Amino acid sequence: GAGVSQTPSNKVTEKGKYVELRCDPISGHTALYWYRQSLGQGPEFLIYFQGTGAADDSGLPNDRFFAVRPEGSVSTLKIQRTERGDSAVYLCASSPRRDRYRELFFGEGSRLTVL
Amino acid sequence: GENVEQHPSTLSVQEGDSAVIKCTYSDSASNYFPWYKQELGKRPQLIIDIRSNVGEKKDQRIAVTLNKTAKHFSLHITETQPEDSAVYFCAASIIQGAQKLVFGQGTRLTINP
């Protein structure tokens, strides 16, 4: 069984550009999370999906950030008008809903560099 | 909201010695406390967790203790080995709804041979 897959693994873009980061969770995992990890820091919560809907998007820093999960599986994190401060590793994690105490299974992350 | 503080930020121990990492949390409603290990350039992976209804949990060389009154919890690694070298993150969450984890800042553990 494959783990959580994230693409691209590395993305370099210029300030002001639009980027999309993709997450393919473990098959059958209904819960999906996006976290952002800056250098030397712990992961910071961005958004949580249960199925297709964003159940909690309280961690999105501003309206330039948006995420979708249209079919309840693959998710895409979208960042508009990128800024240098958006540079970080974006981690996706999934979890089976059956677990009351959810273990998060993380992907390897997408490293975003905004020049 | 929840805030998790972790220390030390770096820790170096001799192989075979013990290592202890400590975390404090602010929200008394938090009831789930996992620890994740992240090797360089790799994904974070769960190594042990504890729920608020117990005070201690052990798994081979790893143990975690929880003091709900003081709102702090600790990771203990005994008989350390070179493969224990990594960054360790503590986290806290509430078992309800999103169960979003709030992570500490991380501890870089180095095991010296």
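Just so you know, these numbers come straight off a predicted model, no measurement behind them.
B:R43 contributes atom CZ, which lies 13.5 Å from atom CD of A:Q37 (distance to the nearest 0.5 angstrom).
Sorted by first then second residue, the ring-ring contact (aromatic ring centres under 6.0 Å, His included) pairs that include residues 81-113 of chain B, not counting sequence neighbours, are A:Y35-B:F103, B:Y36-B:F103.
Clustering ILVMFWY residues whenever any of their side-chain heavy atoms sit less than 4.5 angstrom apart, transitively, puts B:I21 in the very cluster that holds B:Y25. One hydrophobic cluster, built from ILVMFWY side chains closer than 4.5 Å, cannot hold both B:Y32 and B:V64; they sit in different ones. Placement of B:L46 and A:F45 within a single hydrophobic cluster is found when ILVMFWY residues are connected by side-chain heavy-atom separations under 4.5 Å, directly or transitively. No chain of hydrophobic side-chain contacts below 4.5 Å, direct or via other Ile, Leu, Val, Met, Phe, Trp or Tyr residues, connects B:V102 to A:W34. A:F49 and A:F66 are assigned to two separate hydrophobic clusters, defined by single-linkage of ILVMFWY side chains at heavy-atom distances under 4.5 Å.
Neither the backbone nor the side chain of B:Q6 comes within less than 4.5 Å of any heavy atom of chain A. Using a 4.5 Å cut-off between heavy atoms, B:P44 touches chain A through backbone and side chain atoms alike. Residue A:E44 does not touch chain B at all, counting heavy-atom pairs closer than 4.5 Å.
In this structure, A:L104 and B:L101 have side chains that are in contact, with non-hydrogen atoms separated by less than 4.5 Å.
The stretch residues 51-61 of chain A places A:D56, A:S58 near chain B, each with some heavy atom under 4.5 Å from a heavy atom of that chain. At a heavy-atom cut-off of under 4.5 Å, chain B is reached by A:G107, A:E108 from residues 107-115 of chain A, listed in order of number.
The greatest number of non-hydrogen atom pairs below 4.5 Å with chain A, out of B:K100, B:Q45, B:Q38, is found for B:K100.
Within a 6.0 Å sphere centred on NZ of B:K57, other residues, nucleotides and ligands contribute more than 12 heavy atoms. For CD of B:E79, the number of neighbouring non-hydrogen atoms (other residues, nucleotides, ligands) closer than 6.0 Å is 12 at most. Around atom CD of B:E83, more than 12 heavy atoms belonging to other residues, nucleotides or ligands sit under 6.0 Å away.
In this structure, B:L40 stands alone, with no Ile, Leu, Val, Met, Phe, Trp or Tyr side-chain heavy atom under 4.5 Å from its own, directly or through other members.
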